[in-house]
Amino acid sequence: MTSSSPILSAFKQALSEAWAGGAGLMLPLGFFAGTTALVPFSVGSEAELLSRIGPGVLWLALALASFVTLERVFQADLEDGALDIWVQEDASISMIAVAKTLAHWLISGFPLVLLAPVFAFILQGSMQDLLTTMLAYGLGGLTFFLWGGVAAALSASVARAGLLIALIALPFYVPALIFGVQTVNDGLEGASFLFLSASALFALGVTPAAMGAALRLAAD
Amino acid sequence: MTSSSPILSAFKQALSEAWAGGAGLMLPLGFFAGTTALVPFSVGSEAELLSRIGPGVLWLALALASFVTLERVFQADLEDGALDIWVQEDASISMIAVAKTLAHWLISGFPLVLLAPVFAFILQGSMQDLLTTMLAYGLGGLTFFLWGGVAAALSASVARAGLLIALIALPFYVPALIFGVQTVNDGLEGASFLFLSASALFALGVTPAAMGAALRLAAD
Amino acid sequence: MSESVLIQGAHLGAVRGERILFSEVSLSAVSGEIILLRGKNGSGKTTLLRQLAGLSEPQAGRVERQGRHHWVGHTNGLKAHETPRSHLEHWAKVWGSNKSIDGVLEQMAMTRPADVPCRMLSAGQKRRTALGRLLLENRRLWLLDEPFNALDTDGQTLLANLIKTHIQNGGSVIAALHGAASVEADREVTL
Amino acid sequence: MSESVLIQGAHLGAVRGERILFSEVSLSAVSGEIILLRGKNGSGKTTLLRQLAGLSEPQAGRVERQGRHHWVGHTNGLKAHETPRSHLEHWAKVWGSNKSIDGVLEQMAMTRPADVPCRMLSAGQKRRTALGRLLLENRRLWLLDEPFNALDTDGQTLLANLIKTHIQNGGSVIAALHGAASVEADREVTL
Amino acid sequence: MISYLANPSRFMGFSRRAIPIAGVLGILMVGWSLYNGLLVVPPDEKQGGDLMRAMFTHVPSAWLCMGLYAGLAGSSFVWFIWRHELADVAARAIAPIGAGYTALCFVTGAIWGQKGWGSGWHNLILGDSRLMSVLILFFLFLGYMALRAALETRQKAARAAAILAMVGFINIPIIKVSVDMWQTTTIHQPSSVLSIGNSEPRSEDSGMNPVYLQQLLWGFGGHSLLAAAMIMLIMRSEIHDQRANRLLAQKLGGS
Ligand code: HEM
Ligand SMILES: Nc1ncnc2c1ncn2[C@@H]1O[C@H](COP(=O)(O)OP(=O)(O)OP(=O)(O)O)[C@@H](O)[C@H]1O
Ligand SMILES: Nc1ncnc2c1ncn2[C@@H]1O[C@H](COP(=O)(O)OP(=O)(O)OP(=O)(O)O)[C@@H](O)[C@H]1O
Ligand SMILES: [Mg+2]
Ligand SMILES: [Mg+2]
């Protein structure tokens with residue numbers, strides 16, 4: 001048995017799960033657009049202010065999307081017994097968990113990358129360095145979802161884990177957030193882009209083991 | 001059979017559910033503190049900027065708390081069969097739903113009222129009119145949770161409803177958000193406080209029927 | 001509807017997807033009667049029972065009920081954070097019942113795990129807790145969906161006895177069941 | 001551990017809360033054997049089975065397994081959005097099996113609801129889908145927790161026959177069961 | 001008329017003839033107003049020069065998107081109370097068309113406001129209460145469609161979506177009031193563009209050029225007919241899809 005096929009199947013299953021959640025891509029797009037639209041109401045609509053906080057708001061929306069999406073992922077697996085079957089597979093549960101997390105990022109986090117140009121425009125972000133912005137949202141979102149996945153796995157057996165996941169994950173979001181924001185400002189040449197990539201890689205390296213251990217624990 | 005006792009019991013049950021969900025009050029307090037702490041990282045830490053957007057950020061955190069908390073409330077009732085029993089009660093399911101929503105607001109939304117003084121200080125908000133601020137967060141949060149409850153009830157049978165709830169609820173959050181922000185600015189004498197109270201009352205009047213109808217539907 | 005007819009469903013029908021699950025099903029239960037719903041997996045027993053309970057709107061026909069009933073479905077209706085004791089106390093309060101919770105727990109042989117959170121209970125213990133609700137308040141009609149599931153042999157005898165007592169006291173039971181029944185049916189409805 | 005011993009648990013023990021559920025339980029299954037776990041509700045059958053499956057770490061003792069096994073627990077492991085077909089296809093792909101999914105669906109008499117999302121299936125149909133996994137790949141050891149639950153009489157016969165065939169082919173089954181068994185046990189372990 | 005058409009087969013008969021008529025008439029009227037609006041009437045320098053020609057699409061679509069939401073809520077109400085299947089089919093068909101006109105209203109508004117492009121264009125949207133109301137309306141449509149898509153049992157989707165549409169409708173006055181209040185107290189607006197969009201040309205009595213008004217009305221009538229034709233078209237395909245189910249339901253003797 002090759003080891004890639006379980007992971008690929010897990011990825012596909014999670015993809016169709018995320019997609020089935022409701023209305024495909026319209027939903028995350030609407031979500032990002034909607035949360036962003038709330039901002040002027042809460043902080044006021046002065047152009048100068050909005051352009052200063054605009055990108056920051058998108059980062060918060062991205063963090064929010066990761067909490068909201070991941071809350072149920074592993075908890076549902078635990079409740080419906082799918083986790084039991086996964087845990088007994090030869091393929092490591094860590095890789096499965098990462099595959100699932102990535103699938104959810106692709107559906108719920110990646111759309112922000114696509115929307116970045118539009119939002120950059122509406123929220124007065126600079127239009128100059130779109131590629132940078134998109135890369136930053138991509139890498140940053142990936143990191144958010146990976147750490148969020150760890151938090152979700154850790155709280156899988158807690159009945160209502162929403163706030164808990166947020167609280168656990170927040171500290172781990174900070175580096176990606178800081179470097180992401182700076183990358184948007186400094187462009188690809190700056191050191192911050194390097195650091196952002198490094199923190200994404202680091203998350204990719206560390207989170208699988210953590211998720212796997214947490215899920216084994218949850219199944220026990 | 002008196003009609004108040006089922007509602008009271010539902011309230012208490014939901015209260016202990018919310019409390020059990022995670023570490024009691026520490027969790028919502030930590031959540032608000034955590035999300036607020038992310039802000040300087042994402043928009044930069046200039047005092048002047050923070051003081052301008054500070055209160056707005058708290059409003060967004062409140063909205064976020066309502067989504068994250070409510071996502072599972074009715075969905076769990078549906079899955080474990082508790083909803084089936086409630087729906088068959090003489091006491092109207094509407095009142096039960098409101099009682100549950102209020103219990104969750106009390107645990108996950110109300111703490112912001114208690115924290116308002118602290119945050120006002122950290123985020124450089126004005127300390128002058130604390131009572132106003134607290135009232136505004138109280139009434140605004142109540143309204144958020146009530147409309148969020150409608151969105152959660154409507155999507156109770158959707159497997160992973162996080163983003164959907166947020167998208168559905170957003171338009172309904174706008175009035176409370178606007179009046180709430182203005183109340184914090186204008187104080188209790190301004191018209192916005194009246195409007196904020198009115199929109200809370202309106203939500204209290206309209207949402208029960210909607211939640212009830214949505215829950216009956218979910219059980220079907 | 002005469003005094004002793006507790007529930008009457010007339011010309012009930014259900015459509016799921018593009019399939020007619022059942023149609024023109026009529027049944028009624030008078031006090032003292034046990035009615036068993038029979039049929040293969042997926043034949044519509046649960047669907048019919050939910051229509052009778054008022055949980056699901058019939059696509060055709062109508063249901064009339066006299067008074068209130070108890071419902072124990074496929075799911076137990078337990079919240080993860082509740083204990084058997086707090087679950088029963090909760091519903092006793094909702095229903096304004098003053099039955100002794102300790103008595104009910106004892107009757108269901110649930111004294112030992114009475115204070116263990118439901119998410120940690122064994123499958124049979126969960127079922128027993130849910131069945132304990134039947135004892136909290138006297139209601140003449142019981143609607144039960146495969147109530148013997150997950151019960152051990154003691155539990156099955158216990159439930160069969162509960163049902164017999166209930167019938168003797170003028171109650172009525174409509175239950176979906178597979179296999180040999182531990183209770184004698186007055187009527188069987190096969191879907 | 002000799003060649004034909006598929007699983008061996010030695011001196012197993014479980015503690016839950018302040019209660020010793022069981023201790024010093026030893027059991028092993030060789031190919032061709034059916035072992036039934038018996039005991040009252042809450043006696044620890046599920047707990048033991050999960051230890052044998054490697055899902056739960058024993059508080060005492062150790063488990064050795066030879067090769068891989070199939071697991072069907074109290075829960076079915078179906079995702080709400082999956083259909084029986086997509087569920088079986090998914091696991092077939094994970095396990096690198098090339099069994100015909102249509103064949104399995106037919107064998108489990110699930111052809112008709114094969115494309116209905118699992119959350120809409122009846123309890124027995126869900127169970128049949130989960131049991132269908134047993135047919136996807138040949139694994140000699142099956143660990144089953146109350147597998148007959150929710151099945152209709154046809155389904156029970158079907159499963160009993162599956163088990164018999166599996167045993168004849170040199171497989172082994174460890175199952176937790178209540179009441180009269182539809183299969184003959186080589187050994188019973190009572191907790 | 002409505003109750004006459006509530007019968008699906010009568011509706012099918014009616015719509016078969018009505019769709020081509022309304023469609024063609026609508027296209028002609030829209031075309032006429034566009035022709036006049038784009039090429040014939042003189043530009044109004046005060047309102048953005050030639051850009052103001054977007055008005056002949058913008059204002060009709062602005063009116064229509066609000067009307068369509070009312071229609072959505074109305075048919076949802078009818079379905080919820082009387083369970084006229086057709087009302088649900090209508091609600092379902094109205095939603096995408098309504099969302100489309102809301103989007104059109106935005107795009108044309110943006111074109112109209114292009115003069116301030118770059119420096120403060122976004123501020124037009126974010127700073128103006130009327131535009132914000134339209135934005136919220138768009139999210140209501142979007143939420144409605146997302147909810148319908150997420151619940152795949154048709155009956156369930158219909159009921160849930162109807163509840164949402166009705167509740168949304170009740171809430172609209174409050175949204176309106178709040179957004180208006182919000183705007184008046186927003187501290188400052190870069191005024192040049194907004195004053196045009198906001199105040200001056202708002203109503204006929206403030207002296208709208210009758211030439212414009214006439215084309216606006218042509219445009220509005222045309223777009224209404226066009227929208228009606230599209231809605232009926234979607235409804236027809238919907239009814240075709242559901243024929244199997246309806247036959248089943250009739251066999252059962254239900255509604
Ligand atoms: C995205 C941008 C815009 C949106 C969403 C929008 C929305 C609307 C709405 C909802 C109406 C109907 C209001 C009513 O009948 O009371 C309307 C009408 C109108 N809008 Fe816009 N608008 C936008 C941009 C603009 C711009 C840039 C201008 C002008 C420079 C403009 C000028 C007008 C005029 C003149 C009317 C007609 C007023 C009347 O009915 O008397 N709009 N718009
Ligand atoms: N959307 C749908 N499309 C097609 N079939 C559906 C749909 N929703 C439900 N069904 C079918 O409706 C039936 C529901 O049956 P129900 O749950 O009432 O069966 P049951 O008699 O209780 O079965 P069991 O003995 O297994 O509990 C199932 O056969 C299911 O496959
Ligand atoms: N934290 C805890 N404190 C006390 N008892 C606990 C705790 N967690 C689990 N238990 C007990 O452990 C036992 C678990 O039993 P298990 O689920 O293995 O039973 P089972 O034999 O499978 O029963 P069933 O026949 O009902 O399925 C139950 O009696 C349960 O009450
Ligand atoms: Mg059933
Ligand atoms: Mg068990």
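Labels below follow one simple rule: chain letters A, B, ... track the order of the sequence lines, proteins then strands, and each chain is numbered from 1.
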*CZ/D/R62: more than 12 non-hydrogen atoms of other groups inside 6.0 Å*: no
*In this structure, are over 12 heavy atoms from other groups packed under 6.0 Å from D/R112 atom CZ?*
no
*What is the minimum heavy-atom distance between D/S122 and C/N41, and which atoms define it?*
OG-C, 4.0 Å
*Give, as side chain, backbone, both or neither, the part of C/A150 having an atom under 4.5 angstrom from any heavy atom of chain D.*
both
*With only heavy atoms counted, which part of C/R38 is less than 4.5 Å from chain D, the side chain, the backbone, both or neither?*
neither
*asked:* Is C/Q125 in contact with chain D via its backbone, its side chain, both, or neither, using a 4.5 Å heavy-atom distance?
replied: both
*List the steps and the verdict of side chain to side chain contact (heavy atoms under 4.5 Å, CB included) for D/D154 and C/K40.*
CA-CA 8 Å; D/D154 289 358; C/K40 302 196 171 186; 3.1 Å; yes
*Name the region of C/L151, side chain, backbone, both or neither, that has any atom closer than 4.5 Å to a heavy atom of chain D.*
both
_Taking atom CD as the centre, does D/E184 end up with more than 12 heavy-atom neighbours from other residues, nucleotides or ligands that are less than 6.0 angstrom away?_
no
*With a 4.5 Å heavy-atom cut-off, do D/H178 and C/T153 have their side chains touching?*
no
*Heavy atoms only, distances under 4.5 angstrom: which of D/K45, D/R127, D/R128 has the most pairs with chain C? Name it, please.*
D/R128
*Should we say atom CG of C/N138 is surrounded by more than 12 heavy atoms from elsewhere, each under 6.0 Å from it?*
no
